[in-house]
Every structure is written in C-alpha cells, then in structure tokens.
There are 2 protein chains.
Amino acid sequence: MNLRERKKLRTRDALLRAALELFATRGYEETTVDDIAAAVDVSQRTFFRYFAGKEETAFFVPRLAETHVVEAVRARPPGEPPLEALRRAVLESWDRINEAVEELVPIELHMRVYRVIESTPALLAAHLRRAAELEEQLAGIIAEREGLDVDADPRPRIVVALFSGVIRVTERLWSAGDDLSLDAMRQLTTTYLDQVGPALAENWRTEPSP
Amino acid sequence: MNLRERKKLRTRDALLRAALELFATRGYEETTVDDIAAAVDVSQRTFFRYFAGKEETAFFVPRLAETHVVEAVRARPPGEPPLEALRRAVLESWDRINEAVEELVPIELHMRVYRVIESTPALLAAHLRRAAELEEQLAGIIAEREGLDVDADPRPRIVVALFSGVIRVTERLWSAGDDLSLDAMRQLTTTYLDQVGPALAENWRTEPSP
DNA sequence: TTGTCAATTGTCAGTGGCTGTCACTAGCCT
DNA sequence: AGGCTAGTGACAGCCACTGACAATTGACAA
C-alpha cells in the first residue's frame, strides 16, 4: 500500500472519527461540516471528497453491519425456514459485526452515535430508508433460497417486512433503554421474535400459497 | 370567515397546488422554493410562513390520510381482534380519504406526487419516518383497546409493525404498477394481508403471552 | 369615514450543506 | 532528476432556511 493511499485512509478515518465524536457529544445538527474539517485540519472541500455528505459519516458504521447481515443470511443452510434463517443470521452476525466495527471506531462511540441517529429526525429518516433498501435485498435472497420469483409470490417480501418490523421495534427500544450491551440487544430481539414465531407458519412448503 | 383568513387560505392552497404540480411534472429536487413562490407570485419568505419547509408541501395530503386512518382505527368495535381492526380500518377509510383529498387537490395530481415521493430518496426517507410515527400512534391505540401497557407487552407494537410492514410493501408495489386506482390498492392490500392473516393467531386473548 | 392597531408580507442579510473550477503541491514512476 | 497526476485548498456560487425590520393591508372602534 502506497504512502499516498495510506495517507488517504488516515485522513478518511480521522474525518470519520472526528465527525462521530462531534455528533455524539454536540449532536448532529449542531455539528457543521466545517467543524469536522477543522478538527482534522483539512478544508471543507476535502471532507466532501471523502464523503458524499454529512449524513454518510453517520451511516458509515451501520453500512458495515448491513453488509455482514446480508452475508450471514446468504450463508444460512437452504433447508431452514425463511424466518428461522433470518433470525439466526441476525443473532449470529452481531459478534462479527462488533469485531469489524471495533477496527474502525470504538464500539462505545458507535453506540452513542446510534442513539443520536434514533433521536435525530433527519438521521432517523435516512436510517429507515436504508433499512427499506436492506429489506428489498433480503427479500431477493429469501426468494432465491425458496426458488421463488419475488414479483410473483408475495411471501418473500412479507416475511422480510414482518421480520424487519420486529427488528426495528427492538432497535428502538434497545437504543432508548440504558443497557446498550450486545447481550441486551440479543435478549430483546429473541424475546420479541418469539412473540411472532409461534404465530407464523413454520414452513411455507407444507402450506402452498393460493 | 374573514377576508384576511380567506386570503390566507387561498394563498396556502395556491402554494400547495403549485408545489405539487411542479413536483409532479419537473420532479422534487428540480423544483426550487423560489419556483413555487414565483408561480404564486409571492416572496420566498412567504412560502416559509405557510410551510415549515419544501418537504411539508409534499406531505400535506398524506398527512390528511394518516389522520383519517387513525380515526378509523379508533372507531373500530372493541371486540375485534387487533389485526382485523387494523385491516378493516384501513380498507374502509380510503373512500373517505379520497373525498377529503379531492377537496384540496385533484386526486390524480396526488397520485402523481405519490410516485415522486416513492422515487425520490429524500422524500421516501421522510415518508418512512412519518410512517414510523404513525406506527407508534397505532400501537398506543391497539394497546388501549386491549387494555395493555405498550411498554410492558410487546404485542401491540409487533402487530402494528407486522401490519405496517405489509402495507408498506403494497404501497410500493401499487405506486410502481400502472393501475393507480383505489380498487387496485384495495385488491393488492387484501391479497397481501391474506398472506399473513392465516399465519397469525386470530385472537390474543385465547393465547396469553408468556 | 377615518385613524389606529395588528396581522401579513417583502426585503435584506446571513448560515449551512453541497458543487464546480482552477491553480498548486506532494507523492509516484521512469 | 523531472515530468505526470492524484489530492488539496481557495474561491465562487446554488439552494434551503432563518432572523430582523420596514412596508402594507385588513380589522375594528370612534
């Protein structure tokens, strides 16, 4: 790796960390891009050469997490019922996610930023839009697993919608609570998913759609 | 009603209609607030005295619809199972929604704007955030119907999350399709809800939570 | 009517996010 | 060593949005 490229990475990471630190302490709206650039001693223009916008810095870490979740779902054994696959994938991927995140920024910082995301209207909106895109991706994967056409059979999109809905609820509760540990999240998620599990058919194949 | 107040309403409606017309034809990002103000021949500052932001004009009509849905859910007989109440409330409220909308702007225009909302990232994000707020409201109503505490029992938030997830999927499909009629929407919604219905317990009370 | 008061509006100036342009500098490669 | 190019800073400009103040317009009483 070049000196040039190393320098670039260092600048990007510095910008990222400075931004997150400022968001977590001062708040998102209260932080200007100039503040971030100044904290790293680069021009505002340079900031925009590394990130498409202020928002992107806030979602840099979540993006990592999403990637891992998608991979985890893809890695699930094909025999597993869809909802089960989603559940296990999510629960299992968190450990690896945590590792990957820690390499970039302290998890503790990410946690604080996550709370900012949930409590800042503009960021929450962006978060939900990203979640919607993830849903679309997952629906595609589920459909493929089951050998279905996403646009012909409603079920892939529906399970994913149901599943994501529950995840959203737990995310919100978790970020609002005072135990921000991984275990708390896992606990909350299983509890909430268990409220739906018994109510959903275990296997589509034994119950063909009309 | 005063001349003053009548004039105000006229200005607001003119701004609203001009904005929606411009969004529908030119696109949201391509329309500046100055364009909207100019179309009505008022200053940009005046626009911001009627609407908190450009976004608000795009969601003026959807806000109406949300109000009606909430009322429709509130009006459901208490004996009805939660999911059933939500389903009927939504399906039944559309007629009244359509009437109320038509008094403000041509429905056809609203339909076109809705497509713009779904296809403009910034608007889609805002739409999802609003939907999340609606969910919270509905969860409260459901909890009250069932005599539960929203924060103690997960079920209200979960049904609403599941229900809303399905509605979102149908909204997207509907707005992407080429039949923008009410009947098409109703058809799509019932079809999709029927895919979940049999999979969810009919009544919580016969199946107490753990 | 007319004069006074209050609401509505326009103008102006300024902030913050974001983009295009251009010249310059620092690292790369031969 | 020196030309090439990626990365940067400086500057100008667009757009959404806000605050402050002055001008205008409708409301209402004398």
Side-chain angles (χ1 to χ4, degrees), chain A residues 1-16 18-20 22-23 25-60 113 116-117 120-127 129-130, chain B residues 1-16 18-20 22-23 25-60 113 116-117 120-127 129-130:
Chain A
M1 199 184 232
N2 269 347
L3 164 60
R4 198 177 252 173
E5 288 177 19
R6 264 178 292 142
K7 226 174 165 181
K8 258 176 73 171
L9 248 189
R10 233 183 305 133
T11 307
R12 194 206 61 181
D13 287 357
L15 280 169
L16 182 61
L20 298 188
L22 284 167
F23 294 164
T25 57
R26 202 186 299 180
Y28 180 74
E29 319 263 19
E30 290 71 31
T31 305
T32 71
V33 175
D34 283 320
D35 291 336
I36 304 169
V40 183
D41 203 55
V42 297
S43 72
Q44 190 218 49
R45 196 68 185 82
T46 294
F47 171 91
F48 283 109
R49 289 202 176 96
Y50 283 95
F51 301 97
K54 193 167 79 157
E55 208 179 85
E56 199 177 288
T57 57
F59 291 106
F60 204 89
V113 173
V116 174
I117 290 177
T120 305
L123 289 182
L124 178 55
H127 178 56
R129 190 175 53 76
R130 298 172 60 80
Chain B
M1 202 182 226
N2 268 348
L3 164 60
R4 199 175 251 173
E5 287 177 17
R6 263 177 293 143
K7 225 172 163 180
K8 259 177 72 172
L9 248 188
R10 234 183 306 135
T11 309
R12 194 207 61 181
D13 288 357
L15 280 169
L16 182 61
L20 298 187
L22 284 167
F23 294 164
T25 57
R26 202 185 300 181
Y28 180 75
E29 319 262 19
E30 291 70 29
T31 305
T32 71
V33 174
D34 283 317
D35 291 336
I36 303 169
V40 184
D41 204 55
V42 296
S43 72
Q44 190 218 49
R45 198 67 185 81
T46 293
F47 172 90
F48 283 109
R49 289 200 176 97
Y50 284 96
F51 301 96
K54 193 167 78 158
E55 208 181 84
E56 200 177 287
T57 58
F59 291 106
F60 204 89
V113 172
V116 173
I117 290 176
T120 306
L123 289 182
L124 178 56
H127 178 56
R129 190 174 51 76
R130 299 172 60 81

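First the proteins, then the strands, lettered A, B, ... as listed; each starts at 1. This structure is a prediction, so every number in the text was calculated from the model and none was measured.
- The shortest non-hydrogen separation linking A:A19 to A:I36 is CB-CD1, 3.8 Å.
- Interface limits on DNA chain D: the 5'-most and 3'-most nucleotides within less than 4.0 Å of chain A heavy atoms are D:dT5 to D:dA10.
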Take B:V33 and B:F51, measure what side-chain contact (heavy atoms from CB on, under 4.5 Å) needs, and give me the verdict at the end. CA-CA 11 Å; B:V33 174; B:F51 301 96; over 6 Å; no
Reading nucleotides 23-30 of chain C from the 5' end, what letters show protein touch, with B for base, S for backbone sugar-phosphate only, - for no heavy atom under 4.0 Å? ---BBS--
Apply side-chain contact (heavy atoms from CB on, under 4.5 Å) to residues B:F47 and B:T57 and explain how you reach the verdict. CA-CA 10 Å; B:F47 172 90; B:T57 58; 3.7 Å; yes
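- As a whole-Å value, the separation of A:F23 CZ from C:dG17 C1' is 12 Å.
- Summarising the geometry, atom CG belonging to B:D41 is positioned 11.0 Å from atom CG belonging to B:L15; distances are rounded to the nearest 0.5 Å.
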Dot-bracket assigned to DNA chain D with the 3.5 Å Watson-Crick/G-U criterion, [ ] for crossing and | for other-strand pairs, is ||||||||||||||||||||||||||||||
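- Here the closest non-hydrogen pair linking A:R129 and A:E55 is NH2-OE1, 4.4 Å.
- Every ring pair (Phe, Tyr, Trp, His ring centres under 6.0 Å) that B:Y28 has, sequence neighbours left out, goes to B:F23.
- Regarding B:E29, its CD atom lies at a distance of 13 Å from the C1' atom of C:dG17, rounded to whole Å.
- To the nearest 0.5 Å, the span separating CG on A:D13 from CZ on A:F60 amounts to 7.5 Å.
- One atom, CZ of B:R10, and another, P of C:dT9, lie 11 Å apart when rounded to the nearest Å.
- Shortest non-hydrogen contact noted between B:F59 and B:A126 is CE1-CB, 3.5 Å.
- Separating the CD1 atom of A:I36 from the C1' atom of C:dG17 is a distance of 11 Å, rounded to the nearest angstrom.
- Annotation for A:N2: atom CG counts as buried by contact number, over 12 foreign heavy atoms lying within 6.0 Å.
- Heavy-atom minimum distance, A:L20 versus A:A58: CD2-CA, 4.1 Å.
- Against DNA chain D, the stretch residues 42-56 of chain B makes heavy-atom approaches under 4.0 Å through B:Q44, B:R45, B:F48, B:R49, B:A52, B:G53, B:K54.
- A distance-only check finds no donor-acceptor pair linking the side chain of B:T120 to the backbone of B:I117 [under 3.5 Å].
- The side chain to side chain donor-acceptor pair (under 3.5 Å) pairs that include a residue from residues 42-54 of chain A are A:S43-A:T46, where partners are two or more places apart or lie in different chains.
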Stepwise side-chain contact (heavy atoms from CB on, under 4.5 Å) test for A:K7 and A:R10: CA-CA 5 Å; A:K7 226 174 165 181; A:R10 233 183 305 133; 4.2 Å; yes
